[in-house]
Amino acid sequence: MKKVLFPILLICGIVLIILTLYLVPERDVPDTLHFDSPQWHLPEGAKSRIGSGRVNVMRYSPDGNLLAVGSDIGVWIYDVHTAEPQSLIAAHASVINGISFTPDGKTLAAACEDGTIRVWDISTGERKHTFTRREYSFGVDSVSFTADGRILAATSFYNLDLWDIVTGVRKKPPIALENRRIDFDHLPYIMLGGSKTSFSSDRKTVASWGRDGIIRVWDITTRKQVQTITIQPASGQLVVSVNPDGRLLATTNRNEPIRLWDINTGTETQTIITDSRYIPNLVFSPDGTILASYNVNETIRLWDVNTGKEQKTLQRHKNKVMRVAFSPDNRTLVSSNYDGTLRMWDIGTGEDKKGTIGYGHQFRNVSLSPDGETLMSLGWGSNAIHLWNIHTGKHKKTFKGHRKGIAGAKLSPDGKHLMSWPVYNSTIRLWNVNTDKLKKA
């Protein structure tokens, strides 16, 4: 009897589990975590802050526990594990173009559009230094600390400066890079080695290039040119990235594949063929084994540096990808798109870790509700309508529906309904604000 009863009970249990999986309604788990901008460092007279500012640059701290996001408002410091904001530094100083941590993670430097470089103590939020020069009148592009954390390199168009953050004294850069009479075609732009804003770990190299298709690699310590790499003359924007150990260079150009170059020998080691119609941006992983490419579409591609083969394609963004950054342990990639959404990706699985933590460049056709309690904004480059609490700055709702863009929207006098109309046709959508339901289309 027991021998017969056991299989029956086992079968019943399996059937019950299957029915539970299929019949119990799935929990509504959001695939994004909306970040509401904390009301820190508000200007005098301001009641609240709505949005966190357009994302311009992102960097992980050396230990991988913090993520610094430079925006139009300042530098937001997030706890990577909780996705919660910890502080806002350089608040309202200027638009932030570049940021860099010292190797010990205690100090952060910000390159500002107003022509200043500001150095901050992370733990206290105290500003330690402000560096500026007449040559920074067009803004500072990027900053990076040396391995000992004492020297800060900064680029501004074709200028490269080295600042001693202990004494505050400016040091001499490589001789060729401070020659103001040099031909702009040969040196219109300078890039700090290692994906624009970090030194290589051992050689402390810097790369420069121009429309002549010649890339020059310099050793900052000896102030000498260590390599010259000649590629096809640039017919447009030339994209260059140096891997962290300073031994490999990645380049691409319009209608050209991605090419990998050995900096020591100046020879090409890999050719990566992409199907993109646009020039991609290139970023190496901290260990130098992965190259990420991304451009104005919604896709991020990860390439194996040794084989040139594609490892992963990351596709969850619903708008143009603008920035990416690798975590120090090579396990996570953070990316931001045009409307300011940040996503964290598991590099091993290619899955989105649902770490969206921001709103950015999305304020167009801003208007207040008749009762003055709600602010409505349309997203730049997206088909989203956002509603915000005017007193707290917290995000309330998002409405989407027009696939080809929204021309305008308006709240009803009682604030209960939202009307929107698209760019390319005469369809009008009417939303119930309380239920989020589309009433008519």
Side-chain angles (χ1 to χ4, degrees), residues 141-142 144 146-147 153 155 157-160 162 172-179 182-274 276 279-293 301-310 326:
D141 297 322
S142 62
S144 183
T146 54
T155 63
F157 195 34
Y158 65 96
N159 298 293
L160 169 67
L162 305 177
K172 271 195 171 185
I175 295 174
L177 297 184
E178 63 178 354
N179 184 356
I182 199 163
D183 186 352
F184 276 95
D185 277 353
H186 292 158
L187 192 62
Y189 190 71
I190 298 169
M191 183 198 72
L192 297 174
S195 306
K196 237 180 189 181
T197 52
S198 64
F199 280 104
S200 55
S201 58
D202 53 358
R203 294 178 58 181
K204 302 175 184 175
T205 56
V206 63
S208 66
W209 66 91
R211 289 187 295 270
D212 59 0
I214 298 176
I215 300 172
R216 296 168 174 85
V217 182
W218 311 83
D219 187 299
I220 289 181
T221 304
T222 63
R223 295 162 51 213
K224 292 182 179 180
Q225 184 173 320
V226 296
Q227 189 56 264
T228 298
I229 297 174
T230 302
I231 61 175
Q232 293 293 327
S235 58
Q237 179 187 2
L238 178 65
V239 177
V240 180
S241 183
V242 183
N243 80 336
D245 66 9
R247 299 176 184 176
L248 201 64
L249 189 80
T251 66
T252 191
N253 191 20
R254 186 179 301 278
N255 300 322
E256 287 288 320
I258 299 171
R259 303 182 188 277
L260 302 182
W261 306 82
D262 186 309
I263 289 181
N264 292 327
T265 64
T267 58
E268 185 177 339
T269 62
Q270 290 287 351
T271 300
I272 299 174
I273 306 297
T274 69
S276 174
I279 303 174
N281 294 288
L282 305 174
V283 177
F284 280 99
S285 62
D287 64 1
T289 62
I290 301 173
L291 180 68
S293 67
R301 300 183 187 278
L302 303 181
W303 307 89
D304 187 305
V305 168
N306 296 319
T307 65
K309 303 294 184 182
E310 185 175 344
F326 284 92

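Residues take their numbers from the sequence shown, with the count starting at 1.
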Open item on the list: If the condition is side-chain hydrogen bond (donor to acceptor under 3.5 Å, both in side chains), which residues does Thr274 pass it with, not counting sequence neighbours?
Closed with: none
Open item on the list: To the nearest 0.5 Å, what is the distance between CD1 on Ile279 and CD1 on Ile258?
Closed with: 11.5 Å
Open item on the list: Under a 3.5 Å distance rule, please check whether Asn253 uses its side chain to pair with a backbone N or O of Glu256 as donor and acceptor.
Closed with: no
- [ ] For residues Thr251 and Ile229, determine if any side-chain heavy atom of one lies less than 4.5 Å from a side-chain heavy atom of the other.
- [x] no
Task: Side-chain heavy atoms of Phe284 within contact of Leu248, under 4.5 Å - done: yes
TODO: Mind checking side-chain contact (heavy atoms from CB on, under 4.5 Å) for Thr271 and listing every partner two or more places apart, or none if nothing turns up?
DONE: Pro257, Arg259, Glu268, Ile273
TODO: Check Ser142 against Thr155 and note the closest heavy-atom contact, atom names and distance.
DONE: OG-OG1, 2.5 Å
Open item on the list: Contact between Trp303 and Leu282 at the side-chain level, heavy atoms closer than 4.5 Å - yes or no?
Closed with: no
Open item on the list: To the closest 0.5 Å, what do you measure between CD (Gln227) and CG (Asn264)?
Closed with: 7.5 Å
TODO: Could you tell me which non-hydrogen atom of Leu302 sits nearest to which non-hydrogen atom of Ala292, and how far apart they are?
DONE: CD2-CB, 3.7 Å
Task: Distance-minimising heavy-atom pair for Ala153 and Leu162 - done: CB-CD2, 3.7 Å
- [ ] Search all heavy atoms of Thr289 against all heavy atoms of Ser285 and return the closest pair with its distance.
- [x] N-OG, 3.4 Å
Open item on the list: Can a donor-acceptor pair be found, under 3.5 Å and without considering hydrogens, that links the side chain of Thr269 to the backbone of Leu260?
Closed with: yes
Open item on the list: For Thr265 versus Thr267, what's the shortest heavy-atom pair and its separation?
Closed with: OG1-OG1, 2.7 Å
- [ ] Quick one: closest heavy-atom pair of Ile215 and Val240, and the distance?
- [x] CD1-CG2, 4.0 Å
- [ ] List for me each residue that meets side-chain hydrogen bond (donor to acceptor under 3.5 Å, both in side chains) alongside Thr252, sequence neighbours excluded, and say none if there are none.
- [x] none
